[in-house]
Protein chains: 2
Amino acid sequence: MEITRSDKIYKHLLEAIVSGTIAPGSRLRETDLAQDLDCGRGPLREALQRLESRKLVKKVPHVGAQVVSFDIAELIEIYQLRESLEALACELAAQHMTQDDMEHLQSLLQRHRQFLTEHDGEAYIDQDADLDFHFQIIQCSRNSWLIQLLCDELYHRVRMYRFQTAQYRSRPSKALQEHQHILDALVNRDGELASMLMKRHISAARRALESRLTSALTGEKV
Amino acid sequence: MEITRSDKIYKHLLEAIVSGTIAPGSRLRETDLAQDLDCGRGPLREALQRLESRKLVKKVPHVGAQVVSFDIAELIEIYQLRESLEALACELAAQHMTQDDMEHLQSLLQRHRQFLTEHDGEAYIDQDADLDFHFQIIQCSRNSWLIQLLCDELYHRVRMYRFQTAQYRSRPSKALQEHQHILDALVNRDGELASMLMKRHISAARRALESRLTSALTGEKV
DNA sequence: ATGCGACTAATTGTTAACAATTTTGACTTG
DNA sequence: CAAGTCAAAATTGTTAACAATTAGTCGCAT
């Protein structure tokens, strides 16, 4: 249960924006929204400000707020950050991980493996699974700033992109393999290796985005 | 000139908190503060929320807001992030830097060098100089998320720490040397080297903090 | 004396009215 | 007919009153 009205509205709008229920580029008029959500403009403004700090909404003083429109170039910037930060997360996780953490991650991958063999080809769920795995490792870093940054500020933006482009990884089994290798390294407390593998794992996704960007620029059909 | 009242208050409180004019741990009562700053509680609450998102203020629903109190363990977390992120900034800067950027940085270091020979020992200004250098390189990365993260979210927290501990680097000439080496690598567009040097540069500061933390834990006099 | 509970005061959360600013559109003018 | 200007409408920024929640205090029973 949510404590404040502002909190409730924030979560509602967050989901609506990330999932695309509210289209990118939409203008958000305070009066209208407040009526729809059945609240005053005060809590709504606070929610909008929080969304702005997550870069899901852009506000211009005296003009208004609108949902950000999507931009692959910016997503590449985010992936550059993820490369560095999740590599760091791996190094720290290798140091701080408990036995419980390891077992939890192992069973997570086991479930993913099972799902893949049962529903061969259905990649949709796999995207959430992918994020779950990254999420858990980040938690193991025990660095609260790192955790907040990746899981709270960058995360939603990545999810938004996935909803909008419906761009799901072509070969989920490949990703699962890479995840398993990363976890193996972590279990051996080999932070250096885990970090390198994670960097490559994300780097591959980033390069895929970059090729999409250049082919878009040359007008080629994706 | 500021556009909105909320903006003005935010900047005012930001400086007051970072500089220590408002002591760490202080409770921030909305009614009192609003009267002092001659404004209503609405804009004040928006300013407090922005400060909270920068982790300079902690809010608890229905209880209130207070200035964060300082914690070396958390600062070490921030330095871990800086190590990764500023290394990344160097790699990107090596790619995107213009001739103008290089000249600007060279003249910046030239001024620092001159200041050091003229005011041998005065380390105070050098701290700002240090941050200036890092700041400029980050700008050259051309990654807007990276820039905002380092220059807007982490930066103030680092400044706050410096004000509060009055902990200035023992040998500014050493730092200047390291800065020059980083810049040399960047001028040669050797991103790998620049990145490594930057990582070491920050890592040294982080380790100094860590030894301070352990000696504090063992009750040793610093 | 101490622990529990209701009551009061203080403080934050919320709303609705008011002020300031921007945008829109009609009207004028070259 | 196009461009510029001014007024009105729409929208955001701000304030002040009201509601809800929490913290502190006093009294009471054990």
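Worth knowing before you read on, the calculation uses all heavy atoms, side chains too, and leaves out hydrogens, waters and symmetry mates. Here is how names work: the chains are called A, B, and so on, in the same order as the sequence lines, proteins then strands, and each is numbered from 1.
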Value in whole Å for how far the P atom of D:dT14 lies from CD1 of B:Ile3: 11 Å
Option passing side chain to side chain contact (heavy atoms under 4.5 Å, CB included) with B:Leu105 (candidates B:Ile137, B:Ile182, B:Val187): B:Ile137
For atom CZ of A:Arg27 and atom P of D:dT11, their distance in whole Å: 7 Å
Selection from C:dT22, D:dT14, C:dT14 that lies nearest to any side-chain heavy atom of B:Arg41: C:dT14
Among C:dT15, D:dT14, C:dT12, the one nearest A:Pro43 by side-chain distance: C:dT15
Pairing of B:Arg111 and B:Asp132 as salt bridge, 4.0 angstrom limit: no
5′-ward residue of the pair A:Pro61/B:Pro61 relative to DNA chain C: B:Pro61
Atom pair distance, as rounded to whole Å: CD in A:Gln66 and P in C:dT23: 12 Å
Plane angle bin for A:His179 and A:His201 - parallel if under 30°, tilted between 30 and 60°, otherwise perpendicular: perpendicular
Length of the NZ-C1' vector between B:Lys8 and D:dG13, whole Å: 14 Å
Touch class at under 4.0 angstrom, heavy-atom based, for A:Leu48 against every strand present: nothing
Under-4.0 Å side-chain N/O to phosphate OP1/OP2 contact, B:Arg29 with C:dT11: yes
Length of the CD-C1' vector between A:Glu30 and C:dT15, whole Å: 14 Å
Sugar-phosphate only, base, or nothing, as touched by B:Leu44 at under 4.0 Å among non-hydrogen atoms: nothing
Sugar-phosphate, base or nothing in reach of B:Gly64, heavy atoms under 4.0 Å: sugar-phosphate
Below 4.0 Å: OP1/OP2 of D:dA20 and any side-chain N or O of A:Arg5: no
Length of the line joining B:Lys59:NZ and C:dT11:P, which is rounded to integer Å: 16 Å
Rounded distance in Å - CD (B:Glu46) to C1' (C:dT12): 16 Å
Option passing side chain to side chain contact (heavy atoms under 4.5 Å, CB included) with A:Lys55 (candidates A:Glu153, A:Glu74, A:Met160, A:His156): A:Glu74
Of A:Thr31 and B:Val63, the one whose closest DNA chain D nucleotide lies more 5': A:Thr31
Proximity to the side chain of B:His62 - top-ranked nucleotide from D:dT21, D:dG13, C:dT14: D:dT21
B:Glu77 side-chain N/O to A:Ser144 backbone N/O, donor-acceptor pair under 3.5 Å: yes
